Every structure is written in structure tokens, then in C-alpha cells.
Amino acid sequence: MTTASPNNHSFPDNSVGIVVPQTFVINEPLDLVCGATLPNYQLVYETYGALNSDASNAVLICHALSGDHHAAGYHSTTDATPGWWDHYIGPNKAIDTNRFFVVGVNNIGSCRGSTGPASINPDTQQAYGPDFPMVTCRDWVVTQAKLADMLGISQWAAIVGGSLGGMQVQQWAIDLPHRLRHAVIIASAPKLSAQNIAFNEVARQAIMKDPDFHGGRFLAHDTLPKQGLMLARMLGHLTYLSDDLMGSKFGRELRTGSLKYNYEVEFQVESYLRYQGEKFATKMNFDANAYLLMTKALDYFDPASEHGDDLVAALSHIQAESLVVSFTSDWRFSPARSLEITRALVQAGKRVTYTEVESEHGHDAFLLPNSYYEQLFSAYMNRIAAEFSA
Amino acid sequence: MKAHHLKAEFDLLLDWIPQGARVLDLGCGNGELLAYLNTHKRVKGVGLEMDALAIVGSINNGVDVIQADLNSSNLVELFGENAFDVVLTTQTVQAMQRPDQLIDSMITVGKRAIVTFPNFGYWRNRLQMIFEGKMPVSEALPHQWYDTPNTHLCTFSDFEQLCTDKNISIIEQRVLGKELGFVAQLVPNLFGEVALYHIEKGFGG
């Protein structure tokens, strides 16, 4: 089951090394919150470290909008970049794989191997495309609990996630309170604001208005809505950065010493954004339908709505202790939103630790190296580890 | 900001904490007090602290902590009324922008409060002022005038006057000092170096 080989010479000592994604096929129907049913589905996942004898050291990693199961390590010796959270997962890192058994899983509706819009619909033998049903955080919790069952994990030591991943952590704690001891909620929110939904809607319109989108059936037309996906990513990307960071990184620096008075790339920031958008739409080959679904899952998340908009009531049955982390320059999921979660947890009588990490990196900060973030994250994970090794 | 007396203060206030109480410690530092209260009284504690490294210290001590600036935090909005059995602040109130407002919110979010602070009216401090013409520097007040965080130093009498003005009941006062215990207790405003006040909302006010 352990898929990491920590002693690979071509990787740093504190890397989990080469990892091999696994596939878990669930041959039973899944009733989704939206009312639709998937006849069957599969989950692609990775694990790092070893599950201990009483299965008390398992940590689930929930990914964000465009993330996946590949949270740490490398897929081959020629792999240039490690998993998306490699800085925080590995031997002697914050989530220490010498002590924890870590599971990364790709959400259904995404496009990295778990069942999603690019998968074949068994009813039609065609790709689902735009027919793939809407998925929500609640559906993800159901599917991830199946994975936990299969792995023999009745209770996670911790479930950890940033951004949309942090919403899944909250959903887990609410829906299956007995199945996790700690909820680590990073750069997240109890629900999206109107502004956040608006950003998502612009991203969706960019994709859906691309002439190559073909109502979501672009694969049947042998094409991809690259322009739309690129625009969506450019918009998303700039909301993940802070004004200060863009100022210090690019300022008004010109690409070629002088203004040209045309619509070519003139400012460095334009060049950067176009590069990020193109990389996402082409090299990373992110499925446009999956991007749409992920943004909708973000929009739908609102656990308090089922409790008369009372977040305290929504959190009143959770059993996990929580760590809530925000970043000072994150305006997409601002510290005020994390404080809402914290305040509700406190008022619901739950154990919670909250901290606001000083960073200029905006929403992206939760993925990046930061000395204080590492220290507090490690300290909290140590506390969790002390509970099962004591 | 916090001086040497902490351990002695912890011992002195311990019997003001009910077993299993919900306790909020404002300016909890590394969480030593809450860890101590947890050991001795099995409290359900949470601390407020601004300093990042102290947050890590609190986590290491197994103490729940919320990072917040006491000067700008709205405790009532954060916790609600009567959310705690006891709200504490040790050696912090004198460094607040508005100690009076902090004390107000303490007895709103908590049923009772414990406030400890150094006595500016301690006789050695008075002597330094009178004979040396200098701001007092001592074990309890270790800072120089230019770098002290203690912008609102007061005497025990000042604090008690504030309580009277605000209709706050003083349940009990205890005093720490180098001088003989009973002498300090007789004239605390002169011989007490550090005071611990156990207070609650006054009645009928």
C-alpha cells in the first residue's frame, strides 16, 4: 500500500521520492446532492508513509480547485516538479511521513484520474462532458469515506486542506464528525462571498463563450476551449496574488524598454498572466468542464444554509479539534472569513486554534514556503502525533 | 511585558478557578498559565495572543490559542456574553491602549475576571520617583521609560477607584511582594509589588 520510496538518490532527503498513483474502483451507484446518480465511479489516490497497526496515524489531504491527488513526491526520476504540497508533506516536514500515513485523493468531477466529465459514461460509451452531474463538497466526503473504509481507516488523525480543500475539511467535520480527530482548515471560508461567486462566474463565462467550447462537447469536435480556459485561469490567478506582491514583482515594468501603443504585451505583468493562462490551458491540459464543475462546487458550499444561516448551529455537532489558518494578504479568502469559522467554532464550544500568517503572497501563500507557517503547522501536527504515539 | 512573578501568581490565583471551568486568558504568551490550569483544574481553556512565536509556544504546550490584537479585538463579538467562567489577564492590562475597556469586555464575556498587574505605588517605586527623580525600574517593572510597553501603569488604589466607578465588585484582592506577607496585606498599595484582583459585575448598578 505504501507507494513511496524515500531513499531515491535523485531527490532531496526530505522528499517522499517516487510515488505511484493508485486507483480505487467503486462499483456501486453514488447518489449526488444534486439529485443525479453516478452508476459507478473511481478514485485516484496516492499514499505517503505507512499506516500504523491501529490505523490511528492517517491524514487525508483535500485539494483545491485545480489540485489533485499528487500532493507530494515525484512520478518519475525525470519529473521536474514534485506534488503540489511537497513543501509541507514528507519526512521531517510539517506533515511528517515518518509518523503519518498521508492520503491524497483526486475529487470526482475533476480531471486527474478520478471519475469526471472526461470519463466515459457507461450509459452512452461517450465522455460525460457537460452531462457530468454537479458535485459538491458533501459528495466528495461520501466518496472519500469509501476510500477510508477500503484503506481500513475508521477515523482520520487529521483532515487537512486549503481553499476549496478547507471547505471539504469543514464538510467532513460536519457530515461525519466521528471520523476525524482534527480539522486543519487553511485559507478557507465558511462560504463564498458574492464577489467570489462573481469571479467564478466570469471564469465560467470565459470558458462557455469560447467558440471551441461547443456546449461542453469540445472533445467530440476534436478541439479544446483553450482561449476560455486561459482567460479563466488568468482571472483566477490574479485573484490568488496580492496587489503588493504584483507591485513588487512587476510594478509597471515594460517588456521592451518603451511603450508601443498597441495591444501586444507591453507590461511584464501582462506577459506573466498570459504565460500562466497558456500553461494552464495547454501544458497542464485541465479539462474545461472540470474547471466549471469545481467553481460550482465552491459556489455551492454553505453549510450554515441548512441551519437557518447559523454557522454555530452547523458546526455544533462536530467532534474534531480545529486549526484555522489565514494569510494577511489573502483577499480572495481573507483572514476575516477564517475568523468567521473560528468564531463559530468557539461559540459552538469547540476546541480551536487560529492564526493569521504574515505573507505577501495572497491566497497562494498556503502553498508556499513560509517560516512561521511551517513552525505552527509542524507544532500542531506534532500535537496530533503525540496523541497516537503516546 | 511579563515579569518574573508569573509562577507565584499562578499559585495565588489557582483557588479562584473552579474545577473544569471555561477559561479565557488574554495575552496568554506561550500558554504556560492555561497549561498549568489544565494540569491542576482540568479547565477548558483558550488563549488570545498576538505574537506569532508565542502562538507556536502555546500550540507546543497543548493550549488552544487565537491570534488577535487585544487592542483592536471585539471580545464580545468574538465570544458572546458569559462564554467563560473566568477571564484572566496577567500582567497585560497595564500595556493596553484602553485598560478600562478591556476590563469591561472581560466581565461581559466572562462571569468573573482575574486581573493582575504591577503596582506603580509600591514603596520602592515611590522612592525612586522622589529621591532619584527617575521612572521606577525594578524586577516587576523591568523596562526603561522609553521602551516600556506599560503605557497605563496604575496603583492598586487607581484600579480600585476604576472598579468603583464602573460598579465592578472586587471579590478578593491578593498581593505579591518581597516584604513580609502580613505587612503587604495591611498596606497593599505601599508594600504590594503585584496585585491579583478577582472581580465580577456589581449588582444593582
Side-chain angles (χ1 to χ4, degrees), chain A residues 94 158 181-186 310-313 315-316 320-328 334-336 338-359 365 370-390, chain B residues 20-32 34-35 37-39 42-87 105-106 108-111:
Chain A
R181 292 193 296 279
H182 291 268
V184 180
I185 303 160
I186 304 174
D310 182 352
L311 189 61
V312 178
L315 300 176
S316 62
E321 298 171 18
S322 301
L323 171 66
V324 180
V325 182
S326 70
F327 298 87
T328 50
S334 70
S338 285
L339 257 180
E340 284 174 43
I341 301 169
T342 305
R343 190 185 305 131
L345 286 168
V346 167
Q347 292 186 4
K350 309 301 173 189
R351 290 193 62 178
V352 55
T353 283
Y354 168 72
T355 186
E356 191 177 315
V357 176
E358 186 85 38
S359 168
N370 176 304
S371 164
Y372 170 57
Y373 180 31
E374 285 170 45
Q375 283 181 62
L376 83 93
F377 199 173
S378 300
Y380 195 83
M381 295 308 293
N382 284 341
R383 186 163 131 186
I384 297 173
E387 291 169 3
F388 60 74
S389 54
Chain B
R22 294 165 303 161
V23 177
L24 171 66
D25 184 5
L26 301 173
C28 69
N30 289 330
E32 297 100 331
L34 285 172
L37 294 179
N38 194 32
T39 304
R42 292 274 137 219
V43 299
K44 278 194 242 169
V46 60
L48 242 68
E49 177 55 54
M50 190 58 213
D51 181 66
L53 287 179
I55 301 271
V56 176
S58 287
I59 296 172
N60 284 331
N61 279 324
V63 165
D64 293 334
V65 58
I66 293 171
Q67 189 170 22
D69 182 352
L70 271 179
N71 281 318
S72 56
S73 293
N74 184 335
L75 296 181
V76 182
E77 189 187 279
L78 184 57
F79 297 110
E81 292 184 16
N82 289 322
F84 298 94
D85 298 307
V86 184
V87 182
S105 48
M106 286 174 76
T108 306
V109 298
K111 292 174 187 154

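The sequence lines fix the lettering, A, B, ..., with proteins before strands; numbering per chain opens at 1. Remember, it's a predicted structure, so these values are computed and weren't measured experimentally.
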A:Val346 vs B:Val46 side-chain heavy atoms within contact, under 4.5 Å =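 Contact flag for A:Val346/B:Val46 side chains = no.
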Could you show, one pair per line, the donor-acceptor contacts under 3.5 Å between chain B and chain A?
residue	atom	partner	partner atom	Å
B:Gly62	O	A:Arg351	NH2	3.4
B:Asp64	OD1	A:Arg351	NH2	3.2
B:Asp64	OD1	A:Arg383	NH2	2.7
B:Asp64	OD2	A:Arg351	NE	2.6
B:Asp64	OD2	A:Arg351	NH2	3.4
B:Val65	N	A:Thr353	OG1	3.1
B:Val65	O	A:Tyr354	N	2.8
B:Gln67	N	A:Tyr354	O	2.8
B:Gln67	OE1	A:Thr355	OG1	2.5
B:Gln67	OE1	A:Glu356	N	2.8
B:Glu77	O	A:Gln347	NE2	3.3
B:Leu78	O	A:Gln347	NE2	3.0

Side chain, backbone, both or neither of B:Ala83 within contact of chain A (heavy atoms, under 4.5 Å) =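 Neither part, no heavy atoms under 4.5 Å.
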task = Specify the closest pair of heavy atoms between A:Val352 and B:Ile66, including all atoms of both residues, with the distance to one decimal.
result =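 Closest heavy-atom pair between A:Val352 and B:Ile66: O-CG1, 4.4 Å.
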Pairs flagged by ring-ring contact (aromatic ring centres under 6.0 Å, His included) wherever residues 64-84 of chain B is involved - sequence neighbours left out =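 Qualifying pairs: B:Phe79-B:Phe84.
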message = As an exercise: rank B:Val56, B:Leu53, B:Ile55 by heavy-atom pairs under 4.5 Å with chain A and give me the winner.
response =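 Counting heavy-atom pairs under 4.5 Å, the top option is B:Val56.
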